[in-house]
Amino acid sequence: MKKILFAASEGVPFIKTGGLADVVGSLPKCFNKDEYDVRVILPKYICISDEWKEKMSYMTHFYMDLAWRSQYVGILEAEYDGVKYYFIDNEFYFAGPRPYGNIYEDIEKFAFFSKAVLSALPIIGFQPDVIHCHDWQTGLIPVFLKADFHENEFFRNMKSIMTIHNLKFQGAWDIRTVRDITGLPAYYFTSDKLEAYGDANYLKGGIVYADAVTTVSNTYAEEIKTPFYGERLEGLMQARANALTGIVNGIDYDVFNPATDPAIPAKYDARTFRKEKIKNKRALQKKLGLEQDDKKFMIGIISRLTDQKGFDLIAYMMDEMCQLDVQFVVLGTGEERYENMFRHFAWKYKDKVSANIYYNEDMSHQVYAACDAFLMPSLFEPCGLSQLMSLRYGTIPIVRETGGLKDTVEPYNEYENTGTGFSFANYNAHEMLRTVQYAMDVFYNRKREWNKLVDRAMAADFSWTVSAKEYEKLYDGLIL
Ligand code: ADP
């Protein structure tokens with residue numbers, strides 16, 4: 001049995017701020033259970049809801065040295081969906097209303113978490129062959145592993161993988177403070193190790209010290225070797241090109257399933273969508289006070305409201321897009337200027353735009369199920385899950401050809417009758433507008449073609465089946 005430990009800062013259903021949690025919560029149960037024992041370790045944040053805290057049980061605790069501090073490390077366990085979860089408890093570090101907040105606190109929080117993950121292993125008696133680390137919060141795990149822990153027999157053959165879900169977030173802070181927090185000697189803070197642009201950089205540490213590096217789509221794996229997408233680490237990504245692969249994300253096909261989804265008013269599948277999907281549109285129009293019209297082209301947006309997702313293009317074009325025969329349903333939170341932009345347009349075009357500035361899982365399912373199209377014109381997109389959810393619900397994605405969007409949405413070709421969505425190449429508001437107009441034209445004037453697009457979208461398979469196999473191959477290659 002090969003033993004794998006996922007170390008991450010969030011995971012569904014316990015705690016989620018973004019797509020990382022979806023991956024950590026859905027991938028581990030998709031491995032071949034006869035060959036791989038995959039477990040997950042997460043922080044036990046105080047902000048985890050009681051519903052999930054009640055499912056955890058106390059295992060043990062100990063005190064761990066973190067530089068000159070000695071800190072409490074509690075360990076809890078839970079089982080969910082056939083996967084074993086461990087939680088690291090420390091109410092000083094994991095307090096607060098959200099998993100992350102101020103970077104100067106997060107830097108110490110995740111140094112603690114990373115060292116605690118390794119220190120806990122001999123105590124709980126789980127000796128993974130591979131520790132699979134996710135994003136900068138766990139970037140110090142490969143570093144600590146090679147720095148101190150490898151000297152201990154228990155850790156000697158342990159390998160690590162660093163998966164980059166978003167290169168933009170690196171966990172960088174001044175070297176003096178990070179040395180003080182981690183106790184790592186000056187040796188580690190040079191430009192071939194943790195140092196980048198004068199700071200200590202956790203993600204860089206993980207990328208340098210991990211035995212393999214992955215990111216969440218092939219296109220993003222290529223893009224991050226260039227200055228535009230490289231977030232100032234393109235040189236490092238080039239240097240690690242031999243160890244770097246792209247493995248596209250999947251989604252949980254049980255949770256995101258229009259045929260069984262308890263959150264949506266009318267269930268449907270690839271056979272029944274022509275009659276049933278429309279009922280979800282009706283219900284949502286009613287719920288949100290939009291004009292009730294089955295025929296209206298309804299475009300959904302579900303997203304963190306940040307520059308990454310292309311909201312400056314949308315802001316620039318929103319007035320013009322609202323002149324078209326469309327409805328917009330927006331669900332998202334984030335930068336205030338974008339929240340207010342959507343509130344403004346919802347006020348200006350009451351029947352046409354619905355701005356839902358909050359976070360709600362059930363509502364997101366209702367929007368995926370109700371809309372005809374889903375707009376996601378990202379500036380960059382490591383993988384993106386929302387377009388996969390849209391495809392699953394027969395909601396046609398309109399995307400920019402970048403990162404995972406390029407790898408998962410096949411552009412409509414009206415001559416060959418292929419494709420699952422609409423896409424444009426350049427980060428340009430008029431290109432986006434033209435693509436929306438093109439989609440709208442097919443929707444209104446070539447309904448049979450549109451329905452075939454939906455057929456193909458719903459037939460596309462972005463469950464974890466394929467990608468889990470690729471991770472298995474990667475693990476096998478590392479395990480001696
Ligand atoms: P990222 O991780 O960059 O935010 P992804 O597309 O990978 O983007 O994942 C976003 C996830 O968060 C999707 O599951 C999406 O449905 C969900 N989501 C984003 N905003 C909201 C919201 N306001 N309410 C409910 N779900 C949301």
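For ligands, and for the atoms within them, numbers begin at 1 and follow the listed sequence. This structure is a prediction, so every number in the text was calculated from the model and none was measured. Counting begins at 1 with the first residue of the sequence.
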Do you see a donor-acceptor pair shorter than 3.5 Å between the side chains of [X] and [Y]?
X: Gln387; Y: Thr408; value: yes
X: Thr163; Y: Thr214; value: yes
X: Ser364; Y: Asp362; value: no

Q) Which pairs, with at least one residue in residues 275-321 and sequence neighbours excluded, count as a ring pair (Phe, Tyr, Trp, His ring centres under 6.0 Å)? A)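 Every pair satisfying ring pair (Phe, Tyr, Trp, His ring centres under 6.0 Å) with a residue in residues 275-321: Phe297-Phe443, Phe297-Trp450, Phe311-Tyr338, Phe311-Phe342.
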Q: Run the ring-centre check on Tyr412 versus Phe422 and record whether the distance is less than 6.0 Å.
A: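 Between Phe422 and Tyr412, which both carry aromatic rings, the centre distance is below 6.0 Å.
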Q.
Quick check on the 6.0 Å ring-centre criterion: do Tyr45 and Phe94 meet it?
A.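 Yes; Phe94 has its ring centre under 6.0 Å from that of Tyr45.
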**Q.** Residues in contact with ligand 1, criterion: heavy atom under 4.0 Å
**A.**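 If the criterion is a heavy atom under 4.0 Å, then ligand 1 touches Lys16, Gly18, Gly19, Asp22, Ile302, Ser303, Arg304, Lys309, Leu331, Gly332, Tyr358, Tyr359, Asn360, Ser364, Tyr368, Met376, Gly384, Leu385, Ser386, Met389.
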